[in-house]
4 protein chains.
Amino acid sequence: MKKDKPKYKQIIDAAVVVIAENGYHSSQVSKIAKKAGVADGTIYLYFKNKEDILISLFQDKMGQFIERIEQETTSRQTAEEKLLTLVETHFEQLAADHHLAIVTQLELRQSNKELRSKINQVLKRYLAVIDQILEEGIKEKLFRDDLNRKLVRQLIFGMMDEAVTNWVMKDQRYHIGDQAKEVHSFIINGLTLHKS
Amino acid sequence: MKKDKPKYKQIIDAAVVVIAENGYHSSQVSKIAKKAGVADGTIYLYFKNKEDILISLFQDKMGQFIERIEQETTSRQTAEEKLLTLVETHFEQLAADHHLAIVTQLELRQSNKELRSKINQVLKRYLAVIDQILEEGIKEKLFRDDLNRKLVRQLIFGMMDEAVTNWVMKDQRYHIGDQAKEVHSFIINGLTLHKS
Amino acid sequence: MKKDKPKYKQIIDAAVVVIAENGYHSSQVSKIAKKAGVADGTIYLYFKNKEDILISLFQDKMGQFIERIEQETTSRQTAEEKLLTLVETHFEQLAADHHLAIVTQLELRQSNKELRSKINQVLKRYLAVIDQILEEGIKEKLFRDDLNRKLVRQLIFGMMDEAVTNWVMKDQRYHIGDQAKEVHSFIINGLTLHKS
Amino acid sequence: MKKDKPKYKQIIDAAVVVIAENGYHSSQVSKIAKKAGVADGTIYLYFKNKEDILISLFQDKMGQFIERIEQETTSRQTAEEKLLTLVETHFEQLAADHHLAIVTQLELRQSNKELRSKINQVLKRYLAVIDQILEEGIKEKLFRDDLNRKLVRQLIFGMMDEAVTNWVMKDQRYHIGDQAKEVHSFIINGLTLHKS
DNA sequence: GATGAATGAGATTTCATTCAT
DNA sequence: TATGAATGAAATCTCATTCAT
């Protein structure tokens, strides 16, 4: 597929909007084509089939999503700051594109195991970013090292994901960005009441 | 619908197995009927439509799931113990029924927003259980009270959910129960290295 | 497939007419269904797919076709008489059902090699009938025995087939039955001028 | 159309190979263009449409085919010899180009009635060659004159055609040329055992 | 003449649901 | 209650053809 052609992006962007507005199952190829301003058949010059639009969409958008998070976190000093930035950037990016938020949190999960597997490939890169921050924190003697890092990074992702999903299910009626600090605080300190 | 008749349960149980084994999109009503040993038409004497099977399945199975968690946690003394029991019972129950695990973690998410909304209704009861434990912990001066409880209970659910989903995606090849203590420890203490 | 149900025959018969009148490529399943007086989906209760209609049609109709030829030829005494009866019955049967003639001579050949292969299976039975007549004729010291029988039966079939195809291509504007005696005479005596 | 340009032949030859190897229905215009080393659009500078490729292919190849038969038969003395040469040359030419054999015997028949009609136009010239040999044989008092010549020439064509088709269907695993003498003998003498 | 990206009409097949028995 | 044969709407994808460059 020719990923550098403008029509490729045109179709991806149309797909995000159409899927967000109509739901995955009501997003016929013809609807996406119409929104993209191309003929139905043109879709198939750029994508193998309908599912390939979804996969490409996810790879494309999540690629940018993670890249942005990588950039932002790198510029911070401590692991704790990096983690806060990660949560903030995660929330902000999805808050900034409410169509994309619907697609990633709801519609993209309506896919079969095979597609989910490919989605997970993309997420591995995100988990690696979290992992690195954890490693830094441990080296800094700031984070505990008695927990399975692979598990912890999943848990952190699970928290952010659930927070965003809930916000989308609630029709994005509050500011998800406002929750970043609390989520970060919970990740860092857990539930226990620590005397400072 | 006649929820007390044996055929009602028969169909629900068949649906869990069929969906787990074939995936949501390959689970035709006729396949479920065959597994349940009834005629296609009989399904519609007990359920309004196909979606109603899914909702009923979730209500039925999740009802028992949460009930069991309520029972187990009640018998514990402290909020911390209750939380550990909650995580353990959550993991154990899904580990004990691998068909149900597949259905709740993967296949049931392939439904539309409307169905997800009904599923969330059921989950509210679960969130209430978590909420109560949080409240107790705060009263016991064990848990911090500076966090939005509604958010925190979501985050806790998100962690467990992600842990189980990952285990299912990895074809249940490890013991999810083994992660309960670590998840609990992470929830309680967070990432920070606390001097004991 | 349930070949004894009346709907099975209904669909086959509709298919013959629709294909004869519209040509194979313009014979949509929906057109056949309409002619048969059933819903589109009903077709698929009796046939695996569209091609299966064609195969079944051929097996069904050709089965009867060959059976009739077997019956008619059996009742004749000499191999020569049997051969005449075979040619006559071949021509008569197709002359009696002009829709079927179009389908077997033109439309059914528009199929891929796989289907042709299945068609050839059916024709084997016909070739066997010719073969037996040849054998009898040789035993009667009436037919020469210096020719490869497998080849000769093909040639005989080829002659009749070409005669019928030509008649169909000419829109069945003459009586194909009138050619039976000449075809028979040519098969028996060939081109050579024999002094009687 | 510009039939003398090299690209015209290039495309025809590519079409023979592509159709023989992929079958008629899998022989997209783009595939033929690729094989011919031209752009899709270029095809339409030389042919009106896809069907025109087929017709031109048949006219071109069959033109040569018949020409060769005309040449070879002319050089023979008697009608009987000419007929043997005709059968031999028919078989030999198709044996020499197995791609063409597949195309003429199988794939080209998968066309609609309209195309078949045009194909028949081409065949008329072939039938005329046979006709002339028959006429000569009758004049020579070698062939009987009690048969409809138009019918007989069809029957002769039908025999050769069926023999070749069977050979192609059997994946050309035997030497079709070996059958020429027998076919000729059968045409000349028929089935009857003549005392010499 | 040559290109090849874009077009868009069109048909098979599935499957949730119904209803006469 | 229970059945299961019949329904029919609906959508992906292909590919011959065009036309701006």
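Numbers restart at 1 for each chain; the letters A, B, ... are given by sequence-line order, proteins then strands.
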Any sub-3.5 Å donor-acceptor pair from [X]'s side-chain atoms to [Y]'s backbone N or O?
| X | Y | value |
| --- | --- | --- |
| C:Asp60 | C:Ser56 | no |
| C:Thr104 | C:Ala101 | yes |
| C:Lys48 | C:Ile53 | no |

Taking only the side-chain heavy atoms of [X] (C-beta and beyond), determine which of [options] contains the nearest atom.
| X | options | value |
| --- | --- | --- |
| C:Asp40 | E:dT17, E:dT13, F:dG4 | E:dT13 |
| A:Thr42 | F:dT17, E:dA6, F:dT7 | E:dA6 |
| C:Ala39 | E:dT12, E:dA5, F:dG8 | F:dG8 |
| D:Tyr44 | F:dA16, E:dT17, E:dA11 | F:dA16 |
| A:Leu45 | F:dA16, E:dT7, F:dA6 | E:dT7 |
| D:Lys50 | E:dT13, F:dT12, F:dA16 | F:dA16 |

Worksheet item: Passes side chain to side chain contact (heavy atoms under 4.5 Å, CB included), C:Lys50 versus C:Leu54? Steps please.
Response: CA-CA 7 Å; C:Lys50 192 184 175 186; C:Leu54 262 198; over 6 Å; no

What's the [atom1]-[atom2] distance between [X] and [N], to the nearest Å?
| X | N | atom1 | atom2 | value |
| --- | --- | --- | --- | --- |
| C:His25 | E:dT12 | NE2 | C1' | 14 Å |
| A:Ile11 | E:dA6 | CD1 | P | 9 Å |
| D:Lys48 | F:dA16 | NZ | P | 16 Å |
| C:Ile32 | E:dT13 | CD1 | P | 11 Å |
| B:Tyr24 | E:dC15 | OH | P | 12 Å |
| A:Lys31 | F:dT12 | NZ | C1' | 15 Å |
| D:Lys34 | E:dA2 | NZ | P | 20 Å |
| A:Asp52 | F:dT12 | CG | C1' | 14 Å |

Discussion item. On DNA chain E, does the nearest nucleotide to B:Gly41 precede the nearest nucleotide to C:Ser26 from the 5' side, or the other way round? Give the residue.
Written reply: C:Ser26

Fill in: Pair D:Lys61 + D:Asp13: basic N to acidic O under 4.0 Å
yes

Discussion item. Any base atoms under 4.0 Å from C:Val29, or only sugar-phosphate, or nothing? Heavy atoms, all strands.
Written reply: base

Response to the item:
The answer to which of A:Gln28 and D:Asn49 contacts DNA chain F further toward the 5' end, by nearest nucleotide, is A:Gln28

Item to complete: Find which nucleotide of DNA chain F each of D:Ser30 and B:Val38 is nearest to by heavy atoms, and output the residue with the more 5' nucleotide.
Response: B:Val38

Practice prompt. Output yes when at least one side-chain N/O atom of D:Lys7 is less than 4.0 Å from OP1 or OP2 of E:dA2, else no.
Written response: yes

Worksheet item: Are B:Tyr46 and F:dA2 close enough that a side-chain N or O sits under 4.0 Å from OP1 or OP2?
Response: yes

Fill in: For F:dT7, the Watson-Crick or wobble counterpart (both distances under 3.5 Å)
E:dA16

Item to complete: Determine, stepwise, if the pair B:Asp161 / B:Gln105 fulfils side-chain hydrogen bond (donor to acceptor under 3.5 Å, both in side chains).
Response: CA-CA 8 Å; B:Asp161 195 52; B:Gln105 301 309 121; 3.0 Å; yes

